[in-house]
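What follows is one structure encoded as structure tokens, with my remarks underneath.
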Protein chains: 2
Amino acid sequence: MPNDTHNPNLRSWVESANDPATDFPIQNLPLCSFLKEHDGHAHAHYGTAIGDQILDLTLLWEAEAFPEIADEGAPGPAQDLLEELDAAFEYPHWMGIIDRPELVALLRREAQRYLLDGPAGGQQGRRLRQRALQPIATTNFLPPVSFLNYTDFYASIHHATTVGAMFRPDNPLLPNYKHVPIGYHGRASSVVVSGTTIRRPAGQQSPPDDNPSAGPGFGPCKMLDYELEVGCVIGRGNSLGEPIAISKAAEHIVGLVLVNDWSARDIQRWEYQPLGPFLAKNFATSVSPFVVTTEALDPFRCDGWSRGPGDPEPLDYLRDEHDRSRGGFDIVLEAFLLSKEMAAKGAEPVRLSRGGLKGMYWSFAQMIAHHTSNGCNLQEGDLLASGTVSGQAEDSRGCLLELTWAGIDPSTGKPRPRRPIELPTGEKRTFLADGDTVILRGSCEREGFRRIGFGECRGTISG
Amino acid sequence: MPNDTHNPNLRSWVESANDPATDFPIQNLPLCSFLKEHDGHAHAHYGTAIGDQILDLTLLWEAEAFPEIADEGAPGPAQDLLEELDAAFEYPHWMGIIDRPELVALLRREAQRYLLDGPAGGQQGRRLRQRALQPIATTNFLPPVSFLNYTDFYASIHHATTVGAMFRPDNPLLPNYKHVPIGYHGRASSVVVSGTTIRRPAGQQSPPDDNPSAGPGFGPCKMLDYELEVGCVIGRGNSLGEPIAISKAAEHIVGLVLVNDWSARDIQRWEYQPLGPFLAKNFATSVSPFVVTTEALDPFRCDGWSRGPGDPEPLDYLRDEHDRSRGGFDIVLEAFLLSKEMAAKGAEPVRLSRGGLKGMYWSFAQMIAHHTSNGCNLQEGDLLASGTVSGQAEDSRGCLLELTWAGIDPSTGKPRPRRPIELPTGEKRTFLADGDTVILRGSCEREGFRRIGFGECRGTISG
């Protein structure tokens, strides 16, 4: 339920945070990690975004700027908490904090209190404020947490249906889809933070359809694509052999990030049978630098899932009435493209799609309950991504594979030539070209609340 | 090439190591990690196996029992090496050692020198010998390294063909098989060390074939299986975007382990389309406690792969003549079963299969070159497993799915009823029952060399 941290009237002394268009008002306060130079070395610091700035939480912790967390002299639990936080600020990757929702909430409240409009408390307070801020634009971000394991789902029925129709026009959706939150293990080592350059992968590609005996080729991917996804970051994990009940699953999510699951479609087409995507996906997955906490997202909750007439109800281990009505997040999602030529001409990125997370067939809680239903253990910092988020409308499709698809020609039974997207420079794209930058954005708006956003998840292709 | 550490005449003062049947003569010396109690806490120590004992390398390092590694007073590189090893012994999971083949070789030689038959060097030497040994049978093993990422391949063409025939009798092998070392990402968090109890997973199972509209059920797996595999452990990784050339791939392997990739066949059948196995596999994967180093395995090298008449040659990025002739390991592999009833009656485990790693379609070097061909980064401690190792002979098949398969009845076009395995107690098994223990073993023998082995990879099913 919305609490006082969501009060839309709160204002910050960081002026850019009071701009109605900012992703990061004082009501958001996502988690991030970044490199800070001091003592001649780069150190990993924790931070939060406020307006166009990063607030250095590690520096504030060391400066004892959160006096209300616990009084140094107080005995008992308060003292324990101080020591736990001391230790946690020494760990990398928010470990030891994100597995405890009460600590995340506490730090978010303390950061909010620190940032609230008001006097700085003398010269020392003013200097600390200056030292604790740096522009987002020049910050050297790390992945917000250490993504120990990465699982990618397939939770948009519109994506599954459109892609399925490319291979099986008469039977696009497989019989398991409406029963099983389909997922597969991705590659954790190649999850990178927004801004990291993405090298075009090389790989095997199918023999020509009209000459299968020619054998496959090997070379740079010719059908490089992005996938617009949302990922949930696991806070508290579970022990091996101990499933997480659907009614408890939401408690294991610390927050959400934007995910671009870069995909090499030609490699995928040739390799994926019978064990699923592998090299088509594991060369890189980009995530936004900010974990927007479930607490900040609380005012933007919506139904987690619904079922149309004739659709089966989820099996018991996937069904929870609270999750049905409140397990979703009403997030508007957009993908943009900026070609090298556009950038050189000073053009703005062009929007490829606009859709939203609302309306996914499976909720994150269902993905967690399913993932652990066999006893599989999730770990602090795991990333569970939604799969490509595509809506029913053509302009809400979350990847080029879908956006440039022109359907099957009924007279030949074969796919029509893809319909390229025309850029303002006159360039055309069916898939990504070298120098292209893909930018994902996400935001939440609701009457009576400040708009919050996810920042950008951005990556540029290098050849 | 075999070196002086392989000399078959070397003997140890640990008498059990001189037994010709031991897996762990002084010529083997695999890497392991185990828990040791001292100061009231359990600490992770490094060790090696010798005969029926574990030699505590951490204790010996701290006791400065490897005087020949570097002289404390020596300046320059020797001093650096000492400091690096001091640091490495503080890390968990052999990190900082296994990424440097020269350090692994150095420690192996020092351990061998320490264990060589000869006088103990006075009272102090005798006491240290006693303190540094403990029986394998009572050792509390950890996974030998931290398996950061786990990838499972499908490198036995006999396994792929037999399993393919169950689903596609007329076309068992997919067109990509002979070109692509097919693999998929497994779950690293649920990789457990031999001896860990395996809980029978629950999961969704297909609707009945004769009544698809009944929908799937959810309950305990009814077709629980093991898979006999060999895994290679990655020492030095590669940077994202920098493929490992096939000619360099073998240098990235520190050694091999036995792997049991437990599989829930009924869950797999229902979930695996279109993105591959997920919950059917990720509830547990067992590994043997010992990484048998590639140096110890060097005398048992064999051809990495061969191609039959009409088979395509591997593409250039997968082809290396040294790998073709020497990239394999001639390891005999066996699987055993011991039911609860057999154990209660004091029966010995019954052998289910006997086969070998020699003859796989793809070598580990090819798996590494393929895995990184798109720029994917491998990390120190990654596990790349072979997939089920099955030979052409029926009794060399590495899982129950194959061993109890009775083929398709040509008159009906449907599978014949499975052919159960009869145990000495009269019990029958088509798949695993609660209380069953599966034991995998591996060993290498060659004229002129001491036999070496892998120890056991063992797991018992609990309901």
Side-chain angles (χ1 to χ4, degrees), chain A residues 148-149 151-152 154 164 167 174-176 179-180 182-190 192 196 199 201-204 206-207 212 215-218 221 237 240-241 243 264 267 270-280 282-284 312 315-317 370-371 373-379 382, chain B residues 148-149 151-152 154 164 167 174-176 179-180 182-190 192 196 199 201-204 206-207 212 215-218 221 237 240-241 243 264 267 270-280 282-284 312 315-317 370-371 373-379 382:
Chain A
L148 275 180
N149 301 279
T151 302
D152 197 19
Y154 198 53
F167 300 101
L174 290 168
N176 56 13
H179 301 280
V180 180
I182 294 287
Y184 68 102
H185 296 299
R187 178 83 190 175
S189 72
S190 55
V192 297
T196 306
R199 283 210 205 173
Q204 284 197 36
S206 306
F218 182 89
C221 168
L240 189 61
I267 297 174
W270 176 233
E271 76 170 1
Y272 91 105
Q273 288 281 20
L275 300 182
F278 181 48
L279 299 188
N282 67 9
F283 58 95
L315 288 176
D316 282 349
Y317 78 104
H370 183 64
H371 202 319
S373 63
N374 66 347
C376 182
N377 54 330
L378 300 183
Q379 296 180 309
D382 280 358
Chain B
L148 275 178
N149 300 279
T151 302
D152 198 19
Y154 198 54
F167 300 101
L174 290 167
N176 56 13
H179 301 280
V180 180
I182 294 289
Y184 68 102
H185 295 299
R187 178 82 190 176
S189 72
S190 55
V192 297
T196 306
R199 284 210 206 173
Q204 284 197 36
S206 308
F218 182 89
C221 168
L240 190 61
I267 297 173
W270 175 233
E271 76 171 0
Y272 91 104
Q273 289 281 19
L275 300 181
F278 181 49
L279 299 189
N282 67 10
F283 58 95
L315 288 175
D316 281 350
Y317 79 103
H370 182 65
H371 203 318
S373 63
N374 66 347
C376 181
N377 55 330
L378 300 183
Q379 296 179 309
D382 281 358

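Throughout, a chain's letter reflects where its sequence line sits, starting with A, and its residues are numbered from 1.
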Among the options Ser206(B), Gly186(B), Ala188(B), Pro212(B), pick out the one with the most heavy-atom pairs lying under 4.5 Å from chain A.
-> Gly186(B)
Residues passing the salt bridge (charged side-chain N to carboxylate O under 4.0 Å, His left out) test with Asp382(B), sequence neighbours excluded, are Arg187(A)
Whether Trp270(B) and His179(A) hold their rings parallel, tilted or perpendicular, with breakpoints at 30° and 60° | tilted
Report yes if some heavy atom in the side chain of Ile182(B) is under 4.5 Å from a heavy atom in the side chain of Pro274(A); otherwise report no.
-> yes
Could you tell me which portion of Thr151(A) (side chain, backbone, both or neither) has an atom closer than 4.5 angstrom to a non-hydrogen atom of chain B?
-> side chain
Are Ser189(A) and Leu148(B) side-chain neighbours, meaning at least one heavy-atom pair lies under 4.5 Å?
-> no
Could you tell me which portion of Leu279(B) (side chain, backbone, both or neither) has an atom closer than 4.5 angstrom to a non-hydrogen atom of chain A?
-> both
Engaged part of Ile267(A) at the chain B interface, taking heavy atoms whose separation is under 4.5 Å | neither
Give the member of Ser373(B), Cys221(B), Pro312(B) that has the highest number of heavy-atom pairs under 4.5 Å with chain A.
-> Ser373(B)
ring-ring contact (aromatic ring centres under 6.0 Å, His included) against Phe283(B), all qualifying residues, sequence neighbours excluded = none
Nearest heavy atoms of Gln273(A) and Asn176(B), plus distance in Å = O-ND2, 3.0 Å
Could you have a look at Pro277(B), Gly375(B), Gly203(B) and say which one has the most heavy-atom pairs with chain A under 4.5 angstrom?
-> Pro277(B)
Pro216(B) versus chain A, the contacting section by heavy-atom distance below 4.5 Å | both
Does any heavy atom of chain A fall under 4.5 Å from the side chain of Leu275(B), the backbone, both, or neither of them?
-> both
Between Tyr154(B), Tyr317(B), Tyr272(B), which has the largest tally of heavy atom pairs under 4.5 Å with chain A?
-> Tyr317(B)
Anything under 30° is parallel, anything over 60° is perpendicular, the rest tilted; go ahead and classify His370(A) against Phe278(B).
-> tilted
In terms of heavy-atom pairs under 4.5 Å with chain B, which of Gly217(A), Pro201(A), Gly276(A) leads?
-> Gly276(A)
Give me the one residue out of Asn282(B), Asn149(B), Asp152(B) that meets side-chain hydrogen bond (donor to acceptor under 3.5 Å, both in side chains) with His185(A).
-> Asn282(B)
